[in-house]
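Structure first, then comments.
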Amino acid sequence: MDAAMDRIRRVTLVWMITALVLFPAMTLLGYLIRRFQASPTPAAHPEWFYSLLTLHALGMVGTWFVSSMAGVSYLLSRYVRPSPAVSLGAFFGTLAGVVLVCLATVGGFFGAGWYFLFPLPLYPNGAWPAWATALFFGALALLGTSWLVWALDVLRAISQRYSLSAALCLHYLGASTEPEVPPIVLITTVSLIVCISGLVSAVIVLVLFAAHWAGWLNVDALLMKNLTFLFGHTLVNISLYLGLGIVYEVLPGYAGRPWKTNRIVAMAWSSILFLVLFAYFHHLYMDFAQPGWVQTLGQIASYFLSLPAAAVTIFGVLNLIYGASMRWTPASTLFVLGVLGWAIGGVAAVIDATVAVNFVFHNTLWVPAHFHTYFLAGLVFFVLGFIDHLGRELSPGEEPKGLSKFTVALLVVGAYGFVATFYWSGASSVPRRFAAYPDEVMRGAAHARTSLVFIHVFLLGMILYLWMAGRRCVRALFS
Ligand code: HEM
């Protein structure tokens, strides 16, 4: 085996095994915060709820961003050569960032939420010490720098083989289909350009926070909210797109048919490059100071952002599997189910991104409902599918068919049962981010108690999955 390829494989296995450790840990934190909400009496220490919520959310968003990045980097190495050393550097930067975030939240009770909206982190009113804020910002700087360098390196690798316009498949919009560009190259290029703009915006936010803290500048809160959501919204969006890049590259192998770029695929994905930068405006619908035309633009961009990529992907998946002699393994099943979860969560998100609806659903549990759907039953399924695929490729072996089917069924029932209780609460106006519910929305506690049952089902599915796919990855790393 080529030594460079062997290094890429090993680094990818290290990333995936880390994701398989972090994900159950963050799920347990999610279980704990849902237990707070399930309690009929107010929590004795609500500060725990907010610091665990911050750790859970940043931990989950970070875990799925890095694992989808590692997945596409591995698959891209069929065409170009991203540097395994840079990926390993990003791994150690991420680990150090995780340690700092744990110290800030579990050690210092930092609880301003994963997107640390200005000015809360600087004015905690005694809820956490200043050092916890400093550690949290230090962690963000470290994570942001590591991921920025990693994203730049993957783009560098792509640029060594494809020009920018070729990587964006602009030639497909005309008459030419040469050079042939695999969809994963197009999707990664679009995603990482957007990712870089989000990370740069995070750098500006951190600098402005520091300047405000030092008393050099009186920062505008609306500007900070815009910049923060430009970062947060784009980061979660592109994690999903990178996950889809994995599906475009791997699923055809299970169908025995190619999934090639064509004019429609090129148009759909390149349009994202512009639209995604404006879609985050839907997070600011309730900010009366935001100009009206920006709100209108936000609604239009939110609608048009979701439609093209969803339409070509869903059509592409159906086209791939219809009449094909599909090889149904946990990987291919999770890919197809993941596209379904992405689509269902996407519809719920578009409903919420409609101004008239947002007026009612804003800050209710409908919001975690939609993003948990496309994360938990979408992106998580894509990456778990990829890990299963990678494990089987590097360390072949079969377990009883019934066991893999049962495992996938537990994950599906657990994930959908869990998010259903969020939808149910959201539609009943139960607010999000409440450590305990007041009497007016006590039904939220009953919904939370129901959700605990489904979290157990999901965790059982994860234990079986770890026993199957996790073991295989560990075996492959040490072989
Ligand atoms: C079974 C697994 C999971 C459980 C039990 C869980 C549980 C929860 C709960 C109870 C909340 C608080 C809801 C509220 O009142 O606002 C929450 C928020 C959140 N979760 Fe999860 N979650 C899980 C998976 C995930 C995944 C896979 C992701 C992302 C990839 C994720 C990202 C987030 C984020 C970003 C928030 C919002 C935090 C905020 O509002 O500040 N979660 N989760």
Side-chain angles (χ1 to χ4, degrees), residues 19 22-39 43 46 48-68 105 110-117 120-121 228-229 232-233 235-240 242-243 283 338 341-342 345 349 361-384 410-423 425-426 430-437 441 444-445 447-463 465:
L22 287 178
F23 177 50
M26 297 300 143
T27 303
L28 281 176
L29 291 183
Y31 171 77
L32 286 180
I33 52 185
R34 204 71 178 120
R35 275 194 62 159
F36 268 89
Q37 297 176 327
S39 167
W48 270 105
F49 173 87
Y50 291 100
S51 58
L52 294 184
L53 180 62
T54 305
L55 179 57
H56 162 79
L58 187 60
M60 283 290 192
V61 170
T63 299
W64 298 109
F65 169 72
V66 293
S67 44
S68 52
T105 51
F110 180 86
W114 78 278
Y115 46 78
F116 54 95
L117 212 51
L120 183 58
T228 305
F229 278 102
H233 183 84
L235 189 73
V236 297
N237 255 261
I238 65 122
S239 303
L240 272 158
L242 293 173
H283 288 277
W342 173 58
F361 279 175
H362 191 82
N363 274 353
T364 67
L365 281 173
W366 187 272
V367 183
H370 73 65
F371 67 72
H372 278 89
T373 312
Y374 50 68
F375 268 134
L376 191 56
L379 180 59
V380 172
F381 283 7
F382 295 153
V383 178
L384 294 185
L410 287 176
L411 294 175
V412 171
V413 172
Y416 279 98
F418 164 65
V419 295
T421 64
F422 273 161
Y423 283 112
S425 289
V430 177
R432 68 186 288 204
R433 297 195 202 116
F434 270 41
Y437 297 115
V441 285
H447 301 171
R449 280 193 291 279
T450 311
S451 83
L452 295 180
V453 176
F454 290 102
I455 300 175
H456 281 115
V457 174
F458 186 84
L459 280 169
L460 183 59
M462 254 333 273
I463 292 171
Y465 176 89

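Order of appearance sets the numbers: ligands from 1, and atoms from 1 within every ligand. Nothing here was measured: the structure is a model prediction, and the numbers come from that model.
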Check: L459 and L410 side chains under 4.5 Å, non-hydrogen atoms: no

Just to verify, which of F422, W342, F418, Y423 counts as forming a side-chain contact (heavy atoms from CB on, under 4.5 Å) with T373? Y423

Closest to atom 30 (C) of ligand 1 (heavy atoms only, candidates W64, Y374, Y437, W114) is W64

Shortest heavy-atom approach to atom 8 (C) of ligand 1 - which of R35, R34, H56: H56

Indicate yes or no: at least one non-hydrogen side-chain atom of F361 is less than 4.5 angstrom from one of V367. no

Which residue and non-hydrogen atom of the protein lie closest to atom 25 (C) of ligand 1, and at what distance in Å? H372 CD2, 3.3 Å

L460 versus Y465: any side-chain heavy-atom pair under 4.5 Å? no

Nearest non-hydrogen protein atom, atom 28 (C) of ligand 1: M60 CB, 3.4 Å

Checking side-chain contact (heavy atoms from CB on, under 4.5 Å) against W64, which of L240, L379, L22, L376 comes through? L379

Measuring only between side-chain heavy atoms, which start at C-beta, is V236 closer than 4.5 Å to F375? yes

Close side-chain approach of W48 to I33, heavy-atom, < 4.5 Å: no

Does the N or O separation between Y31 and ligand 1 drop below 3.5 Å for any pair? no

Beyond-backbone contact of L32 with H56, side-chain heavy atoms, under 4.5 angstrom: no

Check each atom of ligand 1 against the heavy atoms of F422 and keep those under 4.0 Å away; list them by number with element. 9 (C), 10 (C), 13 (C)

Under a 4.0 Å heavy-atom limit, does L365 contact ligand 1 with its side chain, its backbone, both, or neither? side chain

Side chain, backbone, both or neither: the part of L53 lying under 4.0 Å from ligand 1 by heavy atom: side chain

Measure the distance from atom 38 (C) of ligand 1 to every protein heavy atom, then report the residue, atom name and distance (to 0.1 Å) of the closest one. A57 CB, 3.6 Å

Could you check whether any side-chain heavy atom of F381 comes within less than 4.5 Å of a side-chain heavy atom of V412, counting everything from C-beta outward? yes

Distance from atom 16 (O) of ligand 1 to nearest protein heavy atom, with residue and atom: R433 N, 2.9 Å

What residue and atom, counting heavy atoms only, is the protein's closest point to atom 11 (C) of ligand 1, and at what distance? I33 CD1, 3.7 Å

Nearest-contact summary for atom 37 (C) of ligand 1 - protein heavy atom, Å: F371 CZ, 3.5 Å

Relative to ligand 1, is V380 under 4.0 angstrom through side chain, backbone, both or neither, heavy atoms considered? side chain

Which residue and non-hydrogen atom of the protein lie closest to atom 4 (C) of ligand 1, and at what distance in Å? F418 CZ, 3.4 Å

Any side-chain heavy atom of T364 within less than 4.5 Å of one from S425? no

Atom 1 (C) of ligand 1: the protein heavy-atom neighbour that sits closest, reported with distance to 0.1 Å: T27 CG2, 3.5 Å

Return a yes/no value for Q37: is any of its N or O atoms, backbone included, closer than 3.5 angstrom to an N or O of ligand 1? yes

